[in-house]
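First up is the structure itself, then whatever we jot down about it.
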Amino acid sequence: MSEMPKAYEPQQFEDSIYARWEESGAFIPENLPDFATRKPYTIMLPPPNATGTLHVGHSTMLAVQDALIRFNRMNGKRALWLPGTDHAALATQNKVEKDLFKNEKITRHDLGREELLKRIDVFVEKNRDRMTFQMRKMGSSLDWSREAFTLDEPRSRAVRLVFKQMFDDKLIYRGNRVINWCSRCASTLSDDELGTKTRKAVLYSFKYAKDFPITIASTQPETKLGDTGVAVYPGDARYEALVGKTIDVDFGGQGGSKLKIQIIADHGVEKDFGTGALGVTPAHSMVDYALAMNHNLPLVQIIGEDGLMTAAAGSAYEGLTIAEAREKVVAWLRAENLIEKEEEIEQNVPICERCETEITPLPKLQWFVSVENKFAFRESTRAPVAGIAAGSQISLKDSMRHVVETKQIKIVPERFEKTYFHWINNLRDWCISRQLWYGHRIPVWYCAAPKTEKCAEAVCSIEDISVCQHCGGVAEQDPDVLDTWFSSGMWTFTTLGWPYTRVIFVRHGEAETNVGDFLNSDATKEYHLTETGRAQVVATAEKLKLQHVDAIFASPLLRTQETAKIISDALGLPVTTEECIREAGMGEFEGKLTAEFEAIMGDRGNPANWMHSSPGGAETFQAIRERTHGFLDELIKTHTGKTIVVVSHGDPIWAAASFGKSGVLWDSEYPQRGSFYVREFDTTGSQVGDLNTYHPTDVLETGYDIIFQWVARMILMSTYALGEVPFKNVYLHGMVRDEQGRKMSKSLGNVLDPLDVIPKYGTDAVRLALLIGQTPGNDLKVSEEKIAGFRNFTNKLWNISRFILSQDAASHLVLRADIDDELLTTMDKWILSRLAGVTKTVTESLQTFAFSRAGEALRDFTWNELADWYLEGAKVEGEKAEILQYILQNLLKLWHPYMPFVTEAIWQSAYASGEKDFLMIAKWPDETSMPLYPEAEKDFAHVQNVIVAIRALRTEYKIDAKEIVPVTIITKYKSTLAQMQPVIERLARATLLFADAAPAGQLATVIEEGTITIPKPEAANNSDERGALEAEKENVAQYIATLAAKLANEDFLARAPAAVVEKEQGKLREAREKLAAIEDRLGA
RNA sequence: GGGCAAUUAGCUCAGUUGGUUAGAGCGCUACAUUGACAUUGUAGAGGUCAGAAGUUCGAAUCUUCUAUUGCCCACCA
């Protein structure tokens, strides 16, 4: 053991410990001892926006996830925690544009697309470095080798692929829809990007024209220039006769609009609001748009993207701003005397969350993901969603609802499930295009100058397109980019090597060669499939229809060609003949019986028999491996993300399917004749099989504020693209607030920057402050004082360790088996039993996300039991080095997920056996191997009660702290207490005398354990004692009355469980004994 | 308007399926100082569990209502 300083100074340890962890490679799950046999445990770090620095909210997320990861790593899991960053298209571009304007007074249009993107990249790079620095500071045991970014190459490939699949599945469509338009940002905003503002407005009630039969109301009369209908409540007597009629009106005066107003009835209209009739402006209101769609009303756009009135508004209005147009319309209404009422009202209007400009709803061609259209559900070979059959027709809404309804995804706290369903049920199609430059550009091209009718079609493609395939003219890519959640929705699987190339190996059906059991590798010989064989393949082809096959390759032999032809016809795809997957070359054995061949070279079923040599010039297994692997290598490069059918023969399939599995020479299973199996190969090279190993992930941990924006979208993307849930559990933490419960914001100046407080109090203290006191889904108040409190605790643990380690010349690892039960004192058994108990509590709590409970239980044990009692007692009993070390070792492990640094620092100075021996990868204490001692726990509680009582007496009667008090005790626990006499005497600073009666003239206190007396100090008088005893007597008497009443109640005796009754009886007995002792004392 | 949550000691919060004389930390009061730790120890004060009604042998815990606070969703023409 090296010298430990008196106080723990985190700055001296944290950075170097983190660096050593990282260098050791233990953050990478494949480097963990016995990694291959460990069960995977995965958390994807919610990628923070590339825009800024991390705040305490991020620290909470890091602390929680790191605690989970460390706990599971120590529990023998193959723990992967994968970091990354989100490009956050809108937020990032906005930030850079703002800076640009502030510093250089230029806009993005001055720079141009290319240059702006370059600037953003620089900005993002800088921010990412800062963020990863902050994550390291928090002690996050992230696998940095797998770090990802939502806008990098692999993620872009995945985005295009999913877009294309959705496009082909008719889930992505382009539509003229009313969207939220911010005329300042010149961009569409999703509902999630809206804020609201309360403003005063005038609600005008008026008629379109004097002879118009219905009065309507509006705060924006200018939009009425685009009205095409009036909606009323069905059956409203006032208007019933008019429903279905179309009325022509001139609106807005000379140069205004000629409106064709159709009267419709709809349940969405509120009878009692305003006039009970609603002027419908389909182009500039979400609600009206929906109404118009239901009733087939036309749509007239009268406000342009620039926020000015269009020609459709009429020549008198074209070019005016909205405000000007409103003035003009109102003036006209006044002049025509059409206004019936004007009232000032308060209304909430949607605004752009970022620039606070009022939203102008307007129709625009946008890309949407339909949540209603059905698609054929994909099959997962890893972790298929239960309850949705592969290939079944289902909508995204259905799949999103299903996986949560069936608890395949559990949300903690559960109440958010309700919120989730409510949201799903009201979900509208997802507008995914954004009028931005930064982000994943929409992979759709249009002919720049359409010449033929076909040219007008939008073409979706994974590869870039430069030429229109119909007219040969220039093709232009859609200028818009995708909503950032489109790519972050795929975070759980694009980080694991997806898109995979799926290869479906189909073995040819039964052929004449099989029936005759002879060998054939000569493609010029014509051996057909048998009838049985054809039937086998037909059945297989049906199944392949569910697999979204993109291409078919086949060996040149006739039996494989025939097999491929059947599949080709079923799927409507051409067949490519591929030499590299032909049958094993048979050499001199061409046309001979298999038996003859095997008589010479042995069982072909064991590739070892013919791995490197084969008789008669026949091909070796190794040679087949090489050519098939070469083919697959090429295939996954040219067909990334595709599903490929490879029709081949037994041996080549056998040899081929070990491709990409390092160290595997052949696949242990392979398909029967005429059937198939699926193999998936990723593109990450060294991480082959990541998706298989780590997906679905175990926990998604994030704030409840992005449950819809992100959590729901990940569920959408994963169920769609993979047919899997993205995670099994969702843990939602609350928002971090300041000590007054306010949100942390820059303008309030109450932001707690983790980088400010970490140097002051240490990372461990910050983590404790964030983990203890948090309950799922509830907000957490943090203050510097709270962090300072936990800093004190880290120091306490440090000093506990210092004391324990000073007891032993050489620190060493102690197992429970090393401790001799025979030699244990009551106190030893008590603490060991408590350690076992707390180990159980902590383990169970961490398994159920009860972070606060685990932390509190551990803190109470560490401070109130171990430090305050056991260590003090150990100083008296002595000879406890072994047990102390054992307790410390387990304690450090239990604390490690919460306080990684101080625990590792202590471990390193005391127990590390070498450079790579870290507490971080030590084995979690096994509570099942730790015996409990319930009797010792009870006995020691008596000891504690007596000591506390004596101390209280001392304080009560102001006895000098240095003075040793001669105590007399009358008790039925004499043997227990006598056994612990030295400890009691030292901790209470007393000498103990057991007696049957209290000595005369002494002061006493009565507790459950008996009567304790001390000699009367000069200063005290009798009334003090009597007063206290009288009060206690009163107290106990009342308690007895309550208990007695309860036990006299026959209903209680009849209905309460026996154990409860027994417990109450025990209490009553003890209370009566105590009362007797008090009365005895008072009577004396 | 619809929904969700919270309300327990001066402050921040625990309190697991109803069974404790209702707990912790901070703060407060008094005492203690060379032996692991003053970033400490010891003892103590402090609560009608927001209010009302109900269910039950038994309610901080379950039900209903009320009040206050916070959040989410929808928004009105």
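- By the 6.0 Å contact criterion, CZ on R415(A) is enclosed, its count of non-hydrogen atoms from other residues, nucleotides or ligands being greater than 12.
- By the 6.0 Å contact criterion, CD on E344(A) is enclosed, its count of non-hydrogen atoms from other residues, nucleotides or ligands being greater than 12.
- Contact record, Y204(A) with P221(A): CD1-CG, 3.7 Å, taken as the closest heavy-atom pair.
- The phosphate of A30(B) has neither OP1 nor OP2 within less than 4.0 Å of any side-chain N or O from K958(A).
- Closest non-hydrogen pair, W869(A) versus N864(A), comes out as CD1-O, 3.0 Å.
- Under the 6.0 Å distance and 45° angle rule, K1067(A) does not count as a cation-pi partner of Y1039(A).
- Side-chain N/O atoms of K786(A) include none lying less than 4.0 angstrom from OP1 or OP2 on U12(B).
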Tell me, what's RNA chain B's dot-bracket, Watson-Crick or G-U with both distances under 3.5 Å, | for other-strand, [ ] crossing? (((((((..((((.....[...)))).(((((.......))))).....(((((..]....))))))))))))....

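- The base of A36(B) sits with one of its N or O atoms less than 3.5 Å from a complementary donor or acceptor on the side chain of K875(A).
- Nucleotides U48(B) and G23(B), compared at atom P, are 15 Å apart to the nearest Å.
- Across all non-hydrogen atoms, the minimal contact from G279(A) to V230(A) is CA-CG2, 4.3 Å.
- Candidate nucleotides A36(B), C72(B), U21(B) were compared by shortest atom distance to the side chain of Y1039(A), and U21(B) ranks first.
- Between W863(A) and C37(B), a side-chain N or O to OP1/OP2 separation shorter than 4.0 Å is absent.
- The side chain of V287(A) lies closest to C76(B), out of G19(B), C76(B), C73(B).
- Nucleotides of RNA chain B nearest to Y8(A) and I800(A) differ in position, and the one nearer the 5' end is that of I800(A).
- For CD of E343(A), the number of neighbouring non-hydrogen atoms (other residues, nucleotides, ligands) closer than 6.0 Å is greater than 12.
- For N1049(A), the listed nucleotide lying nearest its side chain is C57(B); candidates were C4(B), C57(B), U39(B).
- The number of heavy atoms from other shown groups lying within 6.0 Å of NZ (K397(A)) is above 12.
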Show the distances under 3.5 angstrom between N or O atoms of the protein and N or O atoms of nucleotides 13-17 of chain B.
{"from": "C13(B)", "atom 1": "OP2", "to": "K781(A)", "atom 2": "NZ", "distance (Å)": "3.1"}
{"from": "A14(B)", "atom 1": "OP1", "to": "T775(A)", "atom 2": "OG1", "distance (Å)": "2.7"}
{"from": "U16(B)", "atom 1": "O2", "to": "R853(A)", "atom 2": "NH1", "distance (Å)": "2.7"}
{"from": "U16(B)", "atom 1": "O2", "to": "R853(A)", "atom 2": "NH2", "distance (Å)": "3.0"}

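- If you look at Y731(A) and F851(A), their ring centroids are closer than 6.0 Å.
- For R1055(A), whose side chain is taken as the heavy atoms from C-beta onward, the closest listed nucleotide among C72(B), A5(B), C57(B) is C57(B).
- Using modelled atom types, one finds no donor on one side chain facing an acceptor on the other under 3.5 Å when comparing D764(A) with T794(A).
- Relative to the ring axis of F1052(A), K1046(A) places its NZ or CZ within 45° and under 6.0 Å from the centre.
- Nucleotides U61(B) and U55(B) place their C1' atoms 13 Å apart, quoted to the nearest Å.
- With both ends at atom C1', the span from A60(B) to A52(B) equals 16 Å, rounded to whole Å.
- U33(B) sits 15 Å from U42(B) when the P atoms are compared, rounded to a whole Å.
- With hydrogens and angles left out, the side chain of K796(A) and the base of C37(B) share a donor-acceptor pair within 3.5 Å.
- Summarising the geometry of E14(A) relative to T763(A), their closest heavy-atom pair is OE2-N, 2.7 Å, with the distance given to 0.1 Å.
- U69(B) and U8(B): their C1' atoms are spaced 16 Å apart (whole Å).
- A gap of 12 Å separates the C1' atoms of A9(B) and C26(B), to the nearest Å.
- Taking only side-chain atoms of R802(A), from C-beta outward, the nucleotide of G19(B), A32(B), C37(B) with the closest atom is C37(B).
- Comparing U39(B), C57(B), U20(B) by their nearest atom to the side chain of K1063(A) picks out U20(B).
- Each of A217(A) and K962(A) has a nearest nucleotide on RNA chain B; the 5'-most of these lies closest to K962(A).
- Protein atom CG of N799(A) is 13 Å distant from nucleotide atom C1' of G41(B), rounded to whole Å.
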Under 3.5 Å, which protein N or O atoms sit close to an N or O of nucleotides 42-45 of chain B? Give each pair with its distance.
{"from": "U42(B)", "atom 1": "O3'", "to": "R951(A)", "atom 2": "NH1", "distance (Å)": "3.3"}
{"from": "A43(B)", "atom 1": "OP1", "to": "R951(A)", "atom 2": "NH1", "distance (Å)": "3.4"}

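- Closest to the side chain of F803(A), out of G25(B), C4(B), A36(B), is A36(B).
- In this pair, F251(A) and Y208(A) present their aromatic rings perpendicular. The plane angle is above 60°, beyond the 30 to 60° band.
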